[in-house]
Amino acid sequence: MFKQLKKITRALHIPSIEEREVAYLNGSVDRIDLEYRQRQIDRGLFRKGF
């Protein structure tokens, strides 16, 4: 029963801002892309309200 509850909880998990930023940085393909993505995050790409 607890396994099923854990699976459901993981499926409904909404990533935090920090998790989204790290995932975005991990998607970079080279140093230039990484630096570009870091600048975007520093400018508030993920922290702006909708």
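Treat the numbers as computed from the prediction; the structure is a model and nothing was measured.
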- Note on the structure: Residues R37 and L25: closest non-hydrogen pair is CB-CD2, 3.9 Å
- Heavy-atom pair with the smallest gap, counting every atom of D33 and S28: OD2-CA, 3.1 Å
- Among E18, H13, R20, whose side-chain contact (heavy atoms from CB on, under 4.5 Å) with S16 holds? E18
- Quick one: CD on E35 to CG on D42, what's the gap to the nearest 0.5 Å? 11.5 Å
- Look at the side-chain heavy atoms of Ile, Leu, Val, Met, Phe, Trp and Tyr, link any pair under 4.5 Å apart, and say whether Y36 and V22 land in one connected group. no
- Nearest 0.5 Å, what's the CD1-CD distance between I17 and E21? 7.0 Å
- Query: Can you name the closest pair of heavy atoms from T9 and L5 and give their distance?
  - Reply: OG1-O, 2.7 Å
- Task: Can you measure from NZ (K7) to CD (Q4) and round to the nearest 0.5 angstrom?
- Result: 7.5 Å
- Sorted by chain and number, sequence neighbours left out, side chain to side chain contact (heavy atoms under 4.5 Å, CB included) with L45 holds for Y24, Q40
